[in-house]
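One structure is given here, and the rest of the page talks about it.
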Amino acid sequence: QLRLVESGGGLVQPGGSLRLSCTTSQYTLEYYAIGWFRQAPGKEREGVSCISSIDGTTYYADSVKGRFTISRDNAKNSAYLQMNSLKSEDTAIYYCAADLWGDGSKWIDVREYDYWGQGIQVTVSS
């Protein structure tokens with residue numbers, strides 16, 4: 001069982017930045033595609049970004065392209081989501097998820113992921 005832990009969330013003003021981290025101390029994340037999802041109150045969980053396991057290909061939702069950057073550091077068993085130019089509509093609980101040997105081709109489908117973190121709150125407000 002892979003346990004994922006998110007960190008780095010919090011309250012930020014519009015236009016600000018946050019960096020989310022997703023880590024595990026149990027196994028290497030090298031063989032997993034890592035996806036970031038978010039869920040706002042009253043809305044369905046939506047895909048934000050993904051980085052594939054094999055070649056590090058990245059994917060982004062249209063709503064965050066140019067503002068968010070996903071990355072990974074396999075040596076640290078970690079993946080990151082750098083969020084810049086944050087907007088109030090980015091407010092949500094953010095989850096990281098892991099897909100064993102995922103190539104990212106179906107990254108936006110929550111059913112593709114084998115493991116999920118507990119989620120972390122991101123609030124963008126003045």
Side-chain angles (χ1 to χ4, degrees):
Q1 187 80 6
L2 185 66
R3 182 169 176 263
L4 302 172
V5 179
E6 300 99 338
S7 62
L11 172 65
V12 63
Q13 292 185 342
S17 298
L18 283 174
R19 187 194 193 208
L20 302 183
S21 298
C22 175
T23 62
T24 180
S25 59
Q26 300 165 287
Y27 308 104
T28 179
L29 286 181
E30 182 178 1
Y31 308 122
Y32 293 85
I34 302 298
W36 285 97
F37 290 76
R38 65 187 181 188
Q39 188 165 18
K43 295 187 177 181
E44 292 188 354
R45 192 169 297 189
E46 64 172 356
V48 175
S49 185
C50 175
I51 185 165
S52 72
S53 62
I54 300 171
D55 58 6
T57 300
T58 57
Y59 304 85
Y60 296 95
D62 288 343
S63 59
V64 306
K65 279 181 182 176
R67 300 189 298 123
F68 291 11
T69 302
I70 191 170
S71 62
R72 66 193 302 157
D73 186 338
N74 291 333
K76 294 183 178 180
N77 288 335
S78 297
Y80 308 98
L81 186 67
Q82 178 67 44
M83 305 186 295
N84 298 330
S85 302
L86 283 161
K87 306 175 182 179
S88 59
E89 50 262 45
D90 295 318
T91 294
I93 297 174
Y94 283 71
Y95 300 87
C96 69
D99 174 17
L100 183 61
W101 297 116
D103 62 5
S105 59
K106 299 180 181 178
W107 75 273
I108 210 154
D109 187 344
V110 298
R111 297 170 296 179
E112 290 293 304
Y113 296 86
D114 305 296
Y115 302 101
W116 290 81
Q118 81 287 353
I120 192 163
Q121 179 70 46
V122 171
T123 302
V124 184
S125 175
S126 55

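Residue numbers start at 1 and run along the sequence shown.
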Subject >> disulfide bond (SG atoms under 2.5 Å apart) pairs, two or more places apart, involving residues 14-69 >> reply: C22-C96

Original post:
Once you round to the nearest 0.5 Å, how far does CD1 of I51 lie from OH of Y60?
Top reply: 7.5 Å

Subject >> Distance, nearest 0.5 Å, that separates CD of Q121 from CG of L11 >> reply: 9.5 Å

Original post:
Can you check whether R67 reaches D90 side chain to side chain, under 4.5 Å on heavy atoms?
Top reply: yes

**OP:** Assign the ring pair W107 / F37 to parallel, tilted or perpendicular, where the plane angle (0 to 90°) is split at 30° and 60°.
**Re:** tilted

Original post:
What is the distance from atom OH of Y32 to atom CG of L4, rounded to the nearest 0.5 Å?
Top reply: 8.5 Å

Original post:
Are the side chains of V124 and M83 in touch, meaning some heavy atoms are under 4.5 Å apart?
Top reply: no

Original post:
Does a side-chain heavy-atom distance below 4.5 Å link L86 with Q13?
Top reply: no

Original post:
So do the side chains of E6 and L20 get within less than 4.5 Å of each other, counting heavy atoms only?
Top reply: no

Original post:
In Å and rounded to the nearest 0.5 Å, what is the CG to OG1 distance from L2 to T24?
Top reply: 4.5 Å

Original post:
Is the CD atom of E89 crowded by more than 12 outside heavy atoms at less than 6.0 Å?
Top reply: yes

Original post:
Going hydrophobic residue to hydrophobic residue with side-chain gaps under 4.5 angstrom, can you get from V5 over to V48?
Top reply: no

**OP:** Might you point out which heavy atoms bring A40 and A92 nearest each other, and give the distance in Å?
**Re:** N-CB, 3.8 Å

Original post:
Can you find a pair of side-chain heavy atoms, one from R72 and one from L29, that are under 4.5 Å apart?
Top reply: yes

Original post:
Looking at side-chain heavy atoms only, is the closest gap between R38 and S63 below 4.5 Å?
Top reply: yes

Original post:
Under a 4.5 Å cut-off applied to non-hydrogen side-chain atoms, are N77 and S25 in contact?
Top reply: no

Original post:
Less than 4.5 Å apart, any side-chain heavy atom of I108 and any of Y59?
Top reply: no

Subject >> Verdict with reasoning, K106 to D99, per salt bridge (Lys or Arg N to Asp or Glu O under 4.0 Å) >> reply: CA-CA 10 Å; K106 299 180 181 178; D99 174 17; over 6 Å; no

Subject >> Cluster check L81, W116: I/L/V/M/F/W/Y, side chain < 4.5 angstrom >> reply: no

Subject >> Atom of P14, atom of S125 and distance for their closest heavy-atom approach >> reply: CD-C, 3.6 Å

**OP:** Only counting residues at least two apart or in another chain, list the ones meeting ring-ring contact (aromatic ring centres under 6.0 Å, His included) with Y115.
**Re:** none

**OP:** State whether the side chain of S78 and the backbone N or O of D73 hold a donor-acceptor pair below 3.5 Å, judged by distance alone.
**Re:** no

Subject >> Check: S52/D103 side-chain N/O donor and acceptor closer than 3.5 Å >> reply: no

Subject >> Atom pair CG (N74) and CD1 (I34), whose distance is rounded to the nearest 0.5 Å >> reply: 9.0 Å

**OP:** Mind jotting down which residue pairs meet the ring pair (Phe, Tyr, Trp, His ring centres under 6.0 Å) criterion with at least one end in residues 64-106? Sequence neighbours excluded, please.
**Re:** Y31-W101

